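First up is the structure itself, then whatever we jot down about it.
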Amino acid sequence: MATDTTVAAGVDAGGIPDPHVGRGVWWRRPGLFYGVIGAVIGYAIGTWLGTWLAEDNQQVQGLGHNDFAVTLGYLVATIGWLAGMGALTYPLQKMAGLQPHVEHEEERTLGRYFRYTLDHKVVGVQYLVAMIAYFLVGGLFALAIRTELLSPTAHLFQPGTYLEIVGTHGTMMMMMMTSAIIGPFGNYFVPLMIGARRMAFPRLEALSFWITPAAFLVLLSGILIGGFPSGWTGYAPLSVEATQGMDAYLVAFGLMSISMIVGGFNIVVTVINHRAPGMTWTRLPLFVWGMLVTGMLMVLAAPVLTLSCYLTLLDRTVQTSLFNVQQGGSPYLWENLFWFFGHPEVYILALPGFGIAGELLPVFTRKPAFGYKTTVAGIVGVGLLSFFVWQHHLFDSGINADMRPMVMLTTEMISIPTGFIFLALIGNLWRAKIRLTVPMLFVIGGMLNFLIGGVSGVFLSDVPTDTVAHGSFFVMSHFHYTIMGGYIFFFFAGLYYWLPKMTGRMLDTRLGKVHFWSLFVFFNSTFLPLFAIGELGMPRRVFEYADSLQALNVWVSISAYLIGVSMLVFVYNFLKSTVIDDKRPLPENPWGSRGLEWLTSTPPAADNFVRVPTVVSGPYEYGTGAGPMAVMSSPGYPRVPEGVS
Amino acid sequence: MADTKASEESKELTDRDHLRRIGLIWLVLTLVCVPLVIFVLGPHLPPGTDSEQARNQQEDNTVLAAVATPVLLFIWVYIGYAVKNWRIPADTPVEELQDGPPIRGHRGFQTAWIVITSVTVFALFVFGTQELWTDYGSGTGSGSSPVWTPAGYSTNAKDSKLLVVQVIGQQWRWTYRFPQYGGVETDTLVIPAGKTVQFDVTSLDVIHSFWAINLGVKADANPGNNNIAFVEDPSVGPVDIRCAELCGTYHGAMAQTGQVEKQADFDAWIAGQIVLHYDLLPQLPAYADFYIPQTDGGYYDPSQVTPPAVDSGLPPPPPAPAPSSAAPSPAPSSS
Amino acid sequence: MAKSGRIAAVLVALAAVVAVAAGVVVYLVAYPPTASASPVGSASAEVTMQTVPAYNQDPEPTWVSYMIKQGDSWVHTTMFQVPAHSLVHFTVYQFDTGSPLRNPFMNQTANLVGGAENVNGKDVSLIDANVGDGVGHSFAIPALGVSAIFPGVSGDSTNQCDVAAPCPMTFDHNTITFTIQTGDPGSYAWQCFVPCALGYPIGFGGPMSTLGYMNGFMEVVA
Amino acid sequence: MADAMVGAQMDEPLDDAAYNDAIERAASRGSYWSGSRLFVALSAMMFAGGAFAFFYLHSLDSSGMWRTDGQAPPDYVSVPVLVLTLGGAALFWGYTRRLLRGSAVTTDWLVATGVSAGAFLVAAIIQFVGMLNTGFFPGSTGYASVYVAIMPVFAVYCLGTAYWLETLFARVLRVRWVVSDEMPARDSMERTMFLGSAVGAKAFVVFVALVSLILFLLFSVLS
């Protein structure tokens, strides 16, 4: 963004060059190095402060644990980390009345990936690598769980350790992975797809990313201080009586909720305001619709999670009694607040996937999007309804039993907008030119998996059948079908589809097909039997099960290991294409897509477009004779078009 | 897999031909699979037939599976058909790509789709609510004041004509209290066959969930809350009991096998329990819907512990221990 | 960077990841540390334990804990092995003060050989934990229905154990002996049912939930 | 938010940089407007969670321990906080409204904003200090717990408001022309960002004042 265009020379704009961009010696500007130093100093200060505040507290002395010290240590360490990364520079400059310039400079060094950068494309790549790393770490915990489940009694881990692993796996996947699509692809491609040269709030996108490593490390460090026994749902009062590891969960989840709020906020504001001229709401790509609604869900649901984590920390530190039934509190308070966030969260993990499916299908069927408006209605409808169904997690809890038919209705109603989205899928395939490329395989596989996830969800929405399934492996299998089978498959679809745009390099197609087929087969062979295991009476999160279920469990464990092998194929493919192989020339648009993101250079320049494009037709006008989606250069569009204000 | 012959052939087919083919395949598969689901799979679906609630849940499971089957089949058949017939080589060069027909939607198809899904959803809602209603909560924990209750239910456990069993979860074991038998507490669950039983589920510490798998009962045990679940007509046999809500380290170890016995065997068993625990009875707190320990330190205040009245009429109890006070009036013995 | 350099960098990074993952697995398998006291005999076995009011050593100095005697020394573990289908004699030295139980149902002994335990020379099968010194700790195996309870030492005593564990016999304590009959081989979880986790909101959590303190495993081996 | 801020409808063709700049100014202005509303919405969700806790625990009255008789925060904390936040919000809102209509003198606006920022800062400090002197133990009842939980969040919001107003104050102190409607300032990105921020803050102070009023009603009036 050029800033020197309108302010006449000699007028002091009170501006200063932004310290985050431009060249400089690495130790003279904020970055990873100072982030780590800041975190260490912050941890020391926080721990000292917590000790000083609370060491005389009788409760703390009785516990032998100072939750104040742990919590403050984590929080101040995070602040120190962000300060060291440079996140606080801008707010402090604002306090001094300065207005930093954003001057994008072509800086193509590796170092920018380790800095608090204002380029949404760099943030997208940072997110991509980080999300893959978090996913693989969470996956390793899953393999540990399956290893323990090889036999019906404890044989490898002690019961408490097993719960730590289960909780860490669940929390890692459910909280870190919330941004697996909106983080990399949302940040990278939303501005490109709407014809914007930047995000609305570039510092917020960097903030949303740089919180995630802090949350990740805080969560993992929980293992070192005893882990947390409560699974990813963290039900009180179990969470209140747990040891210090619980503080790690609460702080990490709280941080991640802030990251979600900040990231979603930025996306929503960007889509509303930064669309290029001509990018009307009916021309908005379906992926952007998915991102918009996901961002909205994050912005509106995640604050409740922040509050819940904060409330539990209060119960554990200053001894409020919000969840203590003997002192006027109630464990139901957590269940309600948590699931009020938790159910939209489930759709935060589903809608981005639908967005990718809707985006990719027209490209690989060479047809206009089938039922574009129906799909949008589906996405928006799912997002809206998701706020009204949370009590179906509490069917058996003994709360508001009179409400159950209504919640049953709202829950089952979700299948109507979800049906819209499926309608679009099958409509797109009608008489199409279907190319089964690797991204398309992942889209179809994801849809097939999600279908099973969705149908099993109906069993959970119906109170009588939920009685059997609730809290069992059935539920666990159900949401793995929607999240792992749907969301992660769509994530891979997006990755195979867009990586050429992000890096200029294709992933290997043959390895990609091996990856897809092995993942699809072993995924199903892992999670289909788990429906049966759940229905036959095995609760979630236990390793003690009936001897008669051992054969099935062993089958599942072996399949799970094979999923791990499939992931290794992917990791090899990913590293080979991005890091090891030399750069190969790539067709600018390897899939023949009409999308706006493919009309700019590969990889895109720092400001995406030399001139903000003018959109003249929709993104999916295959076979309709429409010209390119946008006019990219100046001739013919010399003035600010009508309607821009 | 560019089967040129096939693709030429499919070009000649009209939309109607394709629809007819897909519909035919789907219809055949549906006619084969739905009866299989209903008559072959259905009788084996959990939670079995050990009680009225379990039978109804099994029926519900069968209905849902029967409704889901055609939906799954349709999507599978459709996608399979589309991929088989309308596929072009994945590695077609970008320059040679041809576009498909520019279909943006189909009003009739879309309307039909929306109507069918909506009708199905509302039908399932009505069906589920009806099951919930006629089965008195269908075995689920229905809170402290359930809306749908079987005949004989009373808000006061001791006046209830049903057999009331208070299920007490604690880290990490279950105990059971029988208010109509003097509030005797046992560490195993035995209930009489053929009767309607009311489970009052509560917890002393964290959230547990009482899951009597083959009876079709699941109710969360919350501290300070009485969660009521009904089960009708249990049949003689073992009852698998597990904890279904994560409650800490030994959550998985809260597994137990209870028993449904004939009425006479149950009477003998409960009498035996009263004899076995007779000395303990005065130390138990008076029966209440839920245990609320005292606040300081989380223990009972001994001065407030009221010994429960032992409802005899059953085997001669040992001489009553000293501490006694205004005990609640004797409860009618369940017969 | 040259291609070989990039390959090397990737390999080094992968090796580092594998090493960290392996380290975490080893840590998780090994933690919490559980030495195994193994007083295995042929037809009967002796297990000697003590309960300490505060462990007074790192990592959890304020927690109550069990300890098991192995040979002549006290080991900080709650894992022990006993033979299958035999009588196991327990001797417990109880140094902690007592309190009431959350559920007074656990005031009684259950499934002990002879029906009662022996407290300081007297047979006891029921203690009113609501009066007097209350119950300090208990030893229960829910899967076998076994329960033994240990009366607390007087809270007014000036001779309570306050040193680092193990407690020497010179401090006030109760000596409890009881015998159980073991069945088939297997791994049986045992725990204390007295809400003795000081400072925790409901007396559970902390040592009550942590292996090596107030719960453990009895390994019944053939 | 005068339309004139965008250099729209000029007859001569714009070069790329000027074109991009004009579009981004429009987008930035819109971003501040929708961003501030979205921020209000998400904050409202968070406070709504707190209000839910209040009414839910109130209705459950677990163990009869919702609230002991007469349990309330001291008036010498709650009343000043209410007055300061309402007053500060009114002051800033009124003067900024005049500023945006072009009828305020910069100095008036500066004084009003400074006083308003000060009022929110003092309110936050009073509230934080007040947390040390509530007169009840945090865990004594459900009411006490909710109070102890929510009021620090509100104090942080007061602090945040004070910070926001201070940045506007400092900006004008440093660069006077951002508030003037004269060229060349009119079309500058600096002015767009300043006005966007002011418009956002104008909405936000109303929200904070509303929250302040609701919390006062919940904790000090309702019994």
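Chain A is the first sequence line, chain B the second, and so forth, proteins listed ahead of strands; every chain is numbered from 1. Small disclaimer: the values here were computed from a predicted structure and weren't measured.
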Toward chain A, the part of [X] with a non-hydrogen atom under 4.5 Å:
{"X": "B:Leu246", "value": "both"}
{"X": "B:Arg242", "value": "side chain"}
{"X": "B:Trp148", "value": "side chain"}
{"X": "B:Ala221", "value": "neither"}
{"X": "B:Asp60", "value": "both"}
{"X": "B:Val206", "value": "both"}
{"X": "B:Leu215", "value": "neither"}
{"X": "B:Pro101", "value": "both"}
{"X": "B:Gln98", "value": "both"}

If you tally heavy-atom pairs under 4.5 Å against chain B, which of [options] wins?
{"options": "A:Ile426, A:Asp462, A:Val463", "answer": "A:Ile426"}
{"options": "A:Pro590, A:Pro539, A:Gly471", "answer": "A:Pro539"}
{"options": "A:Arg435, A:Glu241, A:Lys373, A:Glu335", "answer": "A:Arg435"}
{"options": "A:Gly427, A:Gly160, A:Pro331", "answer": "A:Pro331"}
{"options": "A:Ala369, A:Pro229, A:Ala401, A:Pro159", "answer": "A:Pro159"}
{"options": "A:Thr437, A:Val542, A:Leu409", "answer": "A:Leu409"}

Task: Spatial distance of atom CG (B:Leu64) from atom CZ (A:Phe459) [nearest 0.5 Å] - done: 5.0 Å
Could you look at [X] and say if it's the side chain, the backbone, both or neither that has a heavy atom under 4.5 Å from chain B?
{"X": "A:Trp591", "answer": "backbone"}
{"X": "A:Leu429", "answer": "both"}
{"X": "A:Ala532", "answer": "neither"}
{"X": "A:Val458", "answer": "both"}
{"X": "A:Leu441", "answer": "neither"}
{"X": "A:Leu394", "answer": "neither"}
{"X": "A:Ala242", "answer": "neither"}

- [ ] Just jot down the ring pair (Phe, Tyr, Trp, His ring centres under 6.0 Å) partners of A:Tyr162, sequence neighbours excluded, or say none.
- [x] A:Phe543
Using 30° and 60° as the class boundaries, would you call the ring planes of [X] and [Y] parallel, tilted or perpendicular?
{"X": "B:Phe122", "Y": "B:Phe125", "result": "perpendicular"}
{"X": "A:Tyr372", "Y": "A:Tyr620", "result": "tilted"}
{"X": "B:Phe199", "Y": "B:Phe210", "result": "tilted"}

Open item on the list: Under the rule for side-chain hydrogen bond (donor to acceptor under 3.5 Å, both in side chains), what residues qualify as partners of A:Asn324, not counting sequence neighbours?
Closed with: none
Open item on the list: The criterion is side-chain hydrogen bond (donor to acceptor under 3.5 Å, both in side chains); which residues satisfy it with A:Arg404, sequence neighbours excluded?
Closed with: B:Thr140, B:Ser142
Open item on the list: Regarding B:Asp220 and B:Ser209, do their side chains bring together a donor and an acceptor under 3.5 Å, going by distance alone?
Closed with: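 Checked: B:Asp220/B:Ser209 side chains pair up, N/O donor to acceptor below 3.5 Å.
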- [ ] Check whether the side chains of B:Asn56 and B:Glu52 place a donor and an acceptor atom closer than 3.5 Å, and report yes or no.
- [x] yes
Can you name the nearest heavy-atom pair linking [X] to [Y], along with the distance?
{"X": "A:Ala424", "Y": "A:Thr375", "result": "CB-OG1, 3.3 Å"}
{"X": "A:Ser397", "Y": "A:Ile399", "result": "OG-CG2, 2.7 Å"}
{"X": "A:Gly592", "Y": "A:Arg366", "result": "O-NH1, 2.7 Å"}
{"X": "A:Val166", "Y": "A:Arg541", "result": "CG1-CG, 3.6 Å"}
{"X": "B:Asn61", "Y": "A:Glu535", "result": "ND2-OE1, 3.6 Å"}
{"X": "B:Val37", "Y": "B:Ala65", "result": "CG1-CB, 3.7 Å"}

Task: Residues from residues 107-117 of chain B approaching chain A under 4.5 Å (heavy atoms) - done: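 Listed by number, the contacting residues are B:Phe109, B:Gln110, B:Trp113, B:Ile114, B:Thr117.
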- [ ] Could you check which of B:Asp135, B:Asn222, B:Val71 has the highest count of heavy-atom pairs closer than 4.5 Å to chain A?
- [x]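 The answer is B:Asn222.
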